Structures are given as C-alpha cells and as structure tokens.
2 protein chains.
Amino acid sequence: MKRKITLKHIARELDVSISTVSKALKNSEEISRETKEKIQAFAKLYNYKPNNIAISLKNKKTKNIGVIIPDIVHHFFTTVFRGIEKYANDKGYNVIVCVSDESFDKEVINMEMLANGSIDGFIMALSAETQLKNDFNHLKQVTDQGIPLVLFDRVTDEVNCDKVVIDDQAAAHMAVSKMIADGRKRIALVTTENYLNVSSKREDGYKQALQEHNIPVREELILRLPYQYEDEKLSEVFFATQEVDAVLCVNEIFAIRTIRFLQDNQLQVPTDVSVIGFTDGILSRLSNPTLSSVAQHGEEMGTIAAKMLIDKVESDVEEGDEQYHTEVVEATLIERESTRSS
Amino acid sequence: MKRKITLKHIARELDVSISTVSKALKNSEEISRETKEKIQAFAKLYNYKPNNIAISLKNKKTKNIGVIIPDIVHHFFTTVFRGIEKYANDKGYNVIVCVSDESFDKEVINMEMLANGSIDGFIMALSAETQLKNDFNHLKQVTDQGIPLVLFDRVTDEVNCDKVVIDDQAAAHMAVSKMIADGRKRIALVTTENYLNVSSKREDGYKQALQEHNIPVREELILRLPYQYEDEKLSEVFFATQEVDAVLCVNEIFAIRTIRFLQDNQLQVPTDVSVIGFTDGILSRLSNPTLSSVAQHGEEMGTIAAKMLIDKVESDVEEGDEQYHTEVVEATLIERESTRSS
DNA sequence: ATAAAGCACGAAATCGGTTTCGTGTTAATA
DNA sequence: TATTAACACGAAACCGATTTCGTGCTTTAT
C-alpha cells in the first residue's frame, strides 16, 4: 500500500526545503527552472496531491457546501439537489447532505455539526416542524457568524438571507384559471395541514382565482390532509359528499391518490373530473392517465441557489451592507391527460 | 457579527496557555478544578466549538464519508442513500455525495477530489459506463491508499473490497417461479442492454426458473431496451407479435410503461397479463393497478454498507490480512394488484 | 575593487487544534 | 532539614500545507 505522499517527503527525498517544494509545484518564479523540473517530475511520479484538509485549514475555505433538506426520498428535493450538485461540482465544490427528516432537532444538530468549519455555506429547505415552531434561531446563529445561507422553497421571512422560491400563489392561480377556462365550476383543493408555507400560498392562489371569476369559495371543497398520510378515508368522505368537476392537489401524491379514488368510484379523469397536481415528477409522467402538473423546476432552483451561495462565498464584500435577494422561479403548467376541457 | 472563537482567544482572554484551555475543555485531570470551571464557563458563554478542520488535520480522520452514485433522482439510490445517511449521522459522520451521472470520467474525477483527505472512506455504486469499460483503476488506487471502500448493488469482482448486494438472480427466479405457480406460461422479460451486471443476473434467474419448470427460453420474449429510453416503439413491436401472459421487468419504470402499453392495447392487468417489476418504489405503490414488485430493501442496504464502512474506518486492523465480506440482502416480492393467478 | 542588485532558496510563522514532555511550586516523606 | 513526589500548568512539536521575510551567493554597475 502506498501511503499518501506529502511535501515533507518530497523535500526530504530531494534534499530541499518544504517551502521550495511548495513553490516549485506552484511554478513560482522564485525557483530555478531545473529545481522546479526535478521537483515536479518527482511529484508526478509519486502522484502527489495536496491534502485538502490542510489547505482548508490554511485558507479558511473548505470548498464544501452544506445542504439540509427535509427528505431525500422525495422527487422535488432530489431534483433541487441535482441542480445544486451539478453547479457546485462545476465550481469545484463538494456537497455535504444532511436530512432533517422534517424534524426541528435534527435540523439544529445538523447545522451545528457543519457550522464549525466543515462548510463554507448552507443551502436548505426548512423542515415542517421548524415551520410549525416558527423558531429560526439556529439559522440566525449561522448568519450571525457570517456563514452565507440560501433558503429555497420552504422559506421564512424571519431570516435575512438569499432565497429562491416559486410563486406558489401565482402557480395555483394559473392552474385554477386554466380549469375555469376549461369550463370547470366546482373546483376542489386537496392540500396539507396549513403550517407549510407553500401550501397556504397555494391555497391563497386557489381562492383568488375563484374569486376573480366570481366563483364562491366553499370551505367544504377544501380538504386538508396530514402531510404524511397513509389512509384515504378522508378523501372518500370528501368526494362522496361533493359534486366536484375538478381538483387541484398541492402535490403529486395527493393527485395520484385522488385520481385513483375517482377511478375506483367510476368517475372518469378527465371527462368527469379534471385533476392538476404540483411537483412535476416521475409519477405525473407515468400515471394513467398522465397527470397535468405544475412544474416547479427544481433543478433550476437548485442551480440558482448554488450560484447565489457560491457567489456570496467567493465575494469579499464586507458584510453589514449586504444585499439579499429573493429569486422567483416561474412555475409552468405541464398539461397532460388528466385535464381537458369538459 | 460574532466571529468564531478559538482556543487562542480564550487563552489570551483568561491569561493561560492554549494547552491549558484545551485540557480544561476536555476535563483533563491535569488541570485544577477552579481553572477548569473558569475556562469552561468562559467557553460556554462565548459558545466555543472546536474547529472541525483543525481536528481533522490533527487526527487524520475527517468523520466524512463519500458516497458516489450514478443518479440521485432515482428511487432506489435515494433509498440506499437514506440508509447510509441515517446510520452515518448516528455515528457522527457526515456524508458527501457526488453524482457520477453514469459517466466514467465524472466518477474518476469525483473520487480523486475526495480521496485527498476529504473523506475517511467511500460507498459507491458503479456507473453504467464504468461497468461497460470494465476499468476499475480508480477504485484500486483508492484501496491501495488504504482508503476503505464499500460497493453496493452495482459491484464488480475485479475490486477487492466489502460489498453489499441483493441476489438478483434469486430474486428474478422467485418472481418468475411465482408467475409460473400462478399458471402463467408465456413469460416475457423486459430488461436493459446487458452491460449492467444486475440486469444480466436477473436474466439468468429468469431463464433458470423457466428451465426448472421445463418452459423453453424463447429469445423473442426477451426485450432489451436502452437504459434511458424515451420511446416505447420497441415495446409495441414486441407485444404486437407475441402472446404474452406475464412480464417480468427489471425496473419499475419499464413495468409501469409495460402496464400502460398493455392497457392501451386492451389487455387487462392482471387478468390477461400479470406484471412484476423490480425496485419497490413510489411508482409501484401508486400505479393503477398497483404493481407487484421485487423490493430491494435499499435502505437496509444503505445501513449495512454504512456499518461495514464505518467499522472498517474505525478498526485499526493492520491491512494486508484484511477480510472482505459480501453481504447479500434478501429480496422480497411484494404482491400487489398487478399479479394474480390466471 | 567595491557596492548594489538579483537570484535561488530556507527559516519560521500561520491556520486551530492535540499531546508529550518539562518545570516551578508546594506538600509529603525520610 | 533535605529529598522526593504530586500538582498545575506551559512550551513546543505536530498534522500538511502556504507565504512572508531573510540571507548567502553570484552577477552587474560604478
């Protein structure tokens, strides 16, 4: 086994000083041509690569970015992550991922672990529990230390930092308007319990679109399911008592379950009921019928978030007069089989 | 903004030496009770946390593990990753993820980036291209340096290291046997082009099961699709010319597409044709009909891989006499609506 | 021939910790 | 009272790099 070789080894072997080796490998003017050639040849031969950790310590830059997401087995987050990873990698950064599992405590622990020198900045989406508790001290601590932070999707106004979101309200508005234009009248909303910022914004957009078209908002048409629900009893109750001709769901899974429920109850999609979901993932593309869906462009969000973060990390703008931006990624409605004019 | 505080700051402030501070914070016997209390109180007050990078440099341990997977937007890998991340986090490790994107070059680059001190060990699944090229020098270099490596799922015999796999052959065998027991006779296989190790093993299991039941293997019933295919023309050609009453697909997506294709051609699943897929993911659970699927227990694989790696990282077994193990995770057939006896 | 300039390189500080070893002071023992 | 042990702490090496500042030697200018 060949142990990693260090500057010291090279220096000893070639009978020069460590400084000389370091400079030679950086092709410094200071070192004579022959000495440089000798050292570089030796380094190549023994496949010398500088130790990242030592460089990080010296530079106070790790070239690592920390990503904290609520769940990795989730198409949207996974997509965002891909965008982050690609961009970061191109820029020579590595990505450390921590999963908060929707738990406040894990989020705090993870951030503290990474905030002690392991990373140059954070990209994260808040856990459900964090949004519920409305406690953002761990985020503030991080920004107070001067560590750049970018929030995406699940953000909060309480923290001053860069953000990248989609306009959830506009997106829901667009989807509902589309349904109305298709001649739908009794449009239901299937959403989560309301502590998730995104859900409530989508609900706002839903209501707004209805009102603009003089369709009264009926609370009975709004179904709030627990975020991680397993049974569909609620759904049954709901649809059994309503005459719905369209449904907007705040995520893909709710939409697929809704379609299945409708089909099992002899309702045709989209003939009888049209359905639109959020999160344009694999489910939307492969369900039967395929699902019309609001694409959140996760990969693009990830790319933007990574760019914002790395720009901040690499800028030497003295803080205090920092400018924080919120990038809004436009959502797109992907029309597939689950919608058609009635 | 409060900059991070270091031992040096505390030492200066309290007028003691750095060594004393370090020892006091570790509750060393060497330091008097009062001095310790003073220092500890000060440290708490200013929220001192040791710098991870400095510790890594000193200990030559980073408490980071590198995970290299072909694709993150892929249910199986994502599941394995979750298992890795959970276990690693419990043990105080962070996870650095790199995505090879099925590319050999990216795999090499990523490994080289991380192998220079950033991580204590690797967990990875080979990229498709790497398996095609059959070039594993980058892996050997890593193990030669004494860096522990665990391969999962997409493994190779060429590299000596710990591995965790499922018995793909047995799993396919089980699935096909189940179909035969259900009375199916003309069982097709939808697989990828053959360079993926796992696919060819599944094909072996498929053939073996047929032969054991004296059903001739017919090459026309085996459809090989490119790994990332978009069109389903091939599929149409295939099914149009065959009378198939069951299909085994080597992944979930192929299975869902197969079902959709059958449905579009007036064939009922499972009445006319029963379908089994691999990768028990979200698609299987939410498709209509729900898909019977071979569960690979990704999360368990991840946990095992992480445990194997961390055990190796933390053991001080002098290498040379290392023992490498291959853990086989048993696959399970999850029966859902897409299979039923004919 | 002497001073100034330039070249090629080394010593040492630094990043932020850990750890070994040494030392001055006090207390216990002979 | 002299010797030794225990105590409490500091100096310094070390991990593996980078970088500033000197310095001895050669070369050029005066």
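Here is the naming used below: chain letters follow the sequence lines, and residue numbers restart at 1 for every chain. Quick caveat, the model's predicted, so the values are computed rather than measured.
For DNA chain D, the residues of residues 31-46 of chain B within the heavy-atom distance limit of 4.0 Å (strictly under) are B:Ile31, B:Ser32, B:Thr35, sorted by number. Interface residues of residues 18-25 of chain A facing DNA chain D, ordered by number: A:Ile18, A:Ser19, A:Ser22, A:Lys23; criterion, heavy-atom separation under 4.0 Å. Using a 4.0 Å cut-off on heavy atoms, the residues of residues 52-60 of chain B that approach DNA chain D are B:Leu57, B:Lys58, B:Lys60, listed by number.
Listed by chain and residue number, nothing satisfies the ring pair (Phe, Tyr, Trp, His ring centres under 6.0 Å) test with B:Phe136 (two or more places apart in sequence, or in another chain). By the ring pair (Phe, Tyr, Trp, His ring centres under 6.0 Å) test, B:His297 pairs with no residue at all, sequence neighbours left out. The side chain to side chain donor-acceptor pair (under 3.5 Å) test applied to A:Thr303 returns no partner, not counting sequence neighbours. Legend: residues meeting ring pair (Phe, Tyr, Trp, His ring centres under 6.0 Å) with B:Tyr48, ordered by chain and number and at least two apart, are absent. The ring pair (Phe, Tyr, Trp, His ring centres under 6.0 Å) test applied to A:Tyr324 returns no partner, not counting sequence neighbours. With sequence neighbours excluded, the residues forming a side chain to side chain donor-acceptor pair (under 3.5 Å) with A:Asn137 are A:Asp135, listed by chain and number. Partners of B:Asp120 under the side chain to side chain donor-acceptor pair (under 3.5 Å) rule, at least two apart in sequence or in another chain, are B:Thr62.
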Intermediate values then yes/no, salt bridge (charged side-chain N to carboxylate O under 4.0 Å, His left out), B:Lys86 and B:Asp90: CA-CA 6 Å; B:Lys86 274 191 187 164; B:Asp90 279 353; over 6 Å; no
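Of the charged side-chain nitrogens involved, none lies within less than 4.0 Å of a carboxylate oxygen, so that B:Glu13 and B:Lys8 do not count as a salt-bridged pair. Between A:Glu37 and A:Arg33 there is a salt bridge, since at least one side-chain N of the basic residue sits less than 4.0 Å from a carboxylate O of the acidic one.
Bending across the helix from C:dA1-D:dT30 to C:dA30-D:dT1, expressed as the angle between its end axes from five pairs apiece, amounts to 70° (10° rounding).
Taking 4.0 Å as the cutoff to heavy atoms of chain A, we find the contact window on DNA chain D bounded by D:dC15 to D:dC21.
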